[in-house]
Amino acid sequence: MLFDFEPLVYRVASISKLFWQEYINYFEDARTMVRVGTSKLFAFPSFTLEVFHRLYYESEPEELDPPPPESAWAILLHREFQQLIGCDELVEQCQGNQLAAGLATVEYCRQVYERLPPPMPRFSNPQQYRELIRQLKHQPEVPPSEALKQMLTSPQTTTSPTGLQLPKTRQQQERSLWLRQMIEDSGDRSDELIQLIQQEGKQAVWQAQQYANSLDETQVRQMLRAALNAADEKLSEATGWLEMLGLSWGNEMGGERSVSSAEKMALAQKIAGHAKLKQIAVVAGRLQQTAERKRRSQALDAFGEITTIQLGDNLSRLLPSELQKLSTPDLFPLFALSYYDRSLLQYKTRGKEKQCKGPLVVCLDSSGSMDGLPDTWAKAVTAVLGQIARREGRHLRVIHFATRVCRVDDFPPHHHDFSRLLESMLAFYNGGGTAWEPAILSATECIERQQQFKRADIVMVTDGRCDVKRDFLEQLKIKKQQREFNIYGVLIGGASDRLLKQFCDRIWVVKDLVSDEVAIEELFLL
């Protein structure tokens with residue numbers, strides 16, 4: 001155990017202890033939060049565990065009978081937390097989900113220790129005195145110097161042999177010196193040593209109770225409200241991290257295998273440690289909303305080209321002559337009868353949604369001119385296309401290029417490597433120049449040689465500063481006809497799309513990288 005979880009105020013399920021310890025082991029910021037909090041209050045580790053338990057397992061756990069008197073401050077904070085508006089919503093997001101509960105606990109408790117006033121003077125942990133007394137009473141006939149021999153001779157640590165944190169004042173000295181001085185003052189007699197330890201324990205309990213009484217309830221509510229809001233914001237941010245990968249808080253299936261909480265924690269930690277990945281997640285979140293909105297509006301029988309007139313009862317496609325009956329009371333019965341018989345005159349349309357969807361091959365420009373926001377934006381587009389490919393069971397290939405192909409990443413359906421996807425998002429080669437031909441050649445070769453890439457869609461994401469040889473374009477045109485694939489272009493920045501038009505079937509131009517998400521919404525229907 002890295003941290004002491006005693007004394008607890010509430011009965012905490014062992015599963016909560018296990019999961020909270022596992023979460024702490026994964027995240028350095030969680031370990032730091034517990035250490036810093038402990039430097040202010042010795043019982044802070046148990047407070048964090050109880051918060052995690054409330055969010056993950058049980059919002060109102062059973063209270064210990066009686067709770068340790070030095071835990072009065074924690075009891076006050078827990079009870080005020082239950083009264084906060086928004087508390088139930090946070091618990092609902094976190095229950096049964098280790099990652100969500102852990103993230104919320106860390107942010108909530110960080111805000112608490114930053115705002116919680118430090119005790120003056122800092123009081124010791126009464127539990128350590130109870131443990132010492134218990135040891136001495138267990139061997140009443142043995143002198144304290146013998147009963148505590150192991151403690152006197154063991155190497156210095158920040159915890160006692162029972163695993164309990166020693167007071168900070170004792171941490172600043174050698175533990176053996178403090179114990180030897182106490183034994184000397186008692187004349188190495190157990191009864192007198194117990195009395196001395198009891199006096200220090202009572203003083204520590206009194207100081208803890210005084211500290212709890214000094215807390216202003218109004219200020220505590222304000223502090224906890226700010227902590228709750230910070231936890232909500234942290235969950236929203238982390239939700240974007242997971243959504244960039246096509247994951248969620250739940251135990252959804254990642255293709256043919258489930259994605260465990262441990263895997264998600266590792267992925268979240270990797271994203272949290274890279275500013276670029278977090279920026280990509282923000283842009284991908286906006287693009288994902290655009291993609292979902294567009295895909296929801298594109299029904300299988302989408303309203304596309306009008307082909308003829310037919311009979312039916314689709315109110316959205318009625319001819320004006322039929323709609324006129326609704327405004328004429330004498331004709332409404334005729335309208336109602338025709339509607340019942342499905343014999344109203346309506347337009348027949350032909351939907352435009354592509355039915356047979358093949359693999360996606362994304363060519364990512366990593367040239368020097370793409371550095372910064374253009375590259376972030378291009379990676380966000382790729383991430384959203386990756387979500388679509390994974391959800392629809394399609395193969396995704398990502399080709400990084402500059403003047404040559406620098407890296408190729410494959411993500412087969414049902415075997416999505418999320419860690420590799422993050423590595424692909426971080427990859428940038430800053431090759432200086434740009435050459436489309438090597439990337440297109442790499443994409444077309446896999447379509448020609450590998451059966452699983454039949455009828456693939458190629459997406460070229462670039463800033464459009466390149467040229468292509470005429471003979472290469474002629475060969476590419478032949479290949480497109482023979483292999484039945486399309487090439488689409490996403491042009492980032494203000495360059496002309498003239499060059500891309502030489503080989504792209506459709507081009508989406510994005511000039512404003514802050515507010516042009518809608519400009520490429522139809523790309524996400526591929």
Side-chain angles (χ1 to χ4, degrees), residues 1-27 29-31 33-34 36-38 40-68 70-116 212 215 217 220-236 238-239 249-251 261 264-265 268:
M1 297 287 285
L2 292 176
F3 301 103
D4 162 37
F5 287 137
E6 297 288 348
L8 294 174
V9 181
Y10 298 88
R11 300 190 191 280
V12 176
S14 59
I15 190 172
S16 294
K17 293 183 180 180
L18 175 65
F19 282 173
W20 180 228
Q21 188 66 55
E22 181 183 5
Y23 186 89
I24 287 177
N25 289 337
Y26 263 104
F27 288 96
D29 64 337
R31 293 193 292 272
M33 180 271 297
V34 174
V36 175
T38 306
K40 182 177 286 189
L41 286 165
F42 69 84
F44 197 77
S46 64
F47 174 76
T48 64
L49 172 59
E50 287 163 347
V51 171
F52 179 84
H53 181 76
R54 287 169 176 270
L55 295 176
Y56 175 82
Y57 189 78
E58 190 176 8
S59 59
E60 297 184 27
E62 180 185 358
E63 188 172 326
L64 292 176
D65 186 25
E70 63 269 20
S71 298
W73 68 271
I75 295 174
L76 171 62
L77 265 59
H78 288 311
R79 288 177 178 170
E80 289 295 337
F81 174 73
Q82 290 177 214
Q83 307 302 319
L84 291 177
I85 297 175
C87 165
D88 293 339
E89 289 79 358
L90 182 64
V91 171
E92 185 177 351
Q93 291 183 71
C94 297
Q95 277 195 337
N97 192 296
Q98 182 183 0
L99 181 55
L103 284 168
T105 298
V106 170
E107 193 59 33
Y108 176 85
C109 292
R110 179 186 289 114
Q111 297 292 326
V112 167
Y113 81 64
E114 287 179 353
R115 290 173 166 80
L116 200 63
L215 297 177
E217 292 189 5
V220 167
R221 292 190 197 101
Q222 293 174 348
M223 172 185 69
L224 297 186
R225 194 173 296 114
L228 181 66
N229 292 336
D232 274 330
E233 291 178 6
K234 188 66 175 181
L235 281 184
S236 297
T239 298
W249 295 118
N251 297 319
S261 294
K264 290 181 182 179
M265 283 194 287

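Starting from 1, each residue takes its place in the sequence as its number.
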Taking all non-hydrogen atoms of both residues into account, name the closest pair between L228 and I85 and its distance. CD2-O, 3.5 Å
Starting from the C-alpha separation in whole Å, work towards a yes-or-no answer on side-chain contact (heavy atoms from CB on, under 4.5 Å) for E107 and D232. CA-CA 9 Å; E107 193 59 33; D232 274 330; over 6 Å; no
Reference residue S59; test side chain to side chain contact (heavy atoms under 4.5 Å, CB included); the match among L90, V91, D88: V91
Please check this pair: side chain of [X] against backbone of [Y], looking for a donor-acceptor N/O pair closer than 3.5 Å.
X	Y	value
R31	I24	yes
S16	V12	no
S71	P67	no
K40	Y113	yes
Y23	L103	yes

Distance alone, cut at 3.5 Å: any donor-acceptor contact between the side chains of W20 and T48? yes
Can you find a side-chain donor-acceptor pair between Q93 and E89 that sits under 3.5 Å? no
Under the side-chain contact (heavy atoms from CB on, under 4.5 Å) criterion, do V220 and L76 qualify, and how do the steps go? CA-CA 9 Å; V220 167; L76 171 62; 4.3 Å; yes
Please verify the inter-ring angle class for Y56 with F19; under 30° counts as parallel, over 60° as perpendicular, anything in between as tilted. perpendicular
Ring centroids only, cut at 6.0 angstrom: are Y10 and H53 within range, meaning strictly under it? no
What distance do [X] atom [atom1] and [Y] atom [atom2] have between them, rounded to the nearest 0.5 Å?
X	Y	atom1	atom2	result
F81	L55	CZ	CG	5.0 Å
E233	N229	CD	CG	6.5 Å
R115	R110	CZ	CZ	11.5 Å
L224	L77	CG	CG	5.0 Å

Run the ring-ring contact (aromatic ring centres under 6.0 Å, His included) check on F47 and F44 step by step: do they pass? CA-CA 5 Å; F47 174 76; F44 197 77; 5.8 Å; yes
Centre of Y108's six-membered ring, under 6.0 Å away, within 45 degrees of the axis: is that where NZ or CZ of R54 sits? no
Take Q98 and M265, measure what side-chain contact (heavy atoms from CB on, under 4.5 Å) needs, and give me the verdict at the end. CA-CA 9 Å; Q98 182 183 0; M265 283 194 287; 3.6 Å; yes
Strictly below 4.0 Å, N to O, side chains only: are R79 and E63 in salt-bridge contact? yes
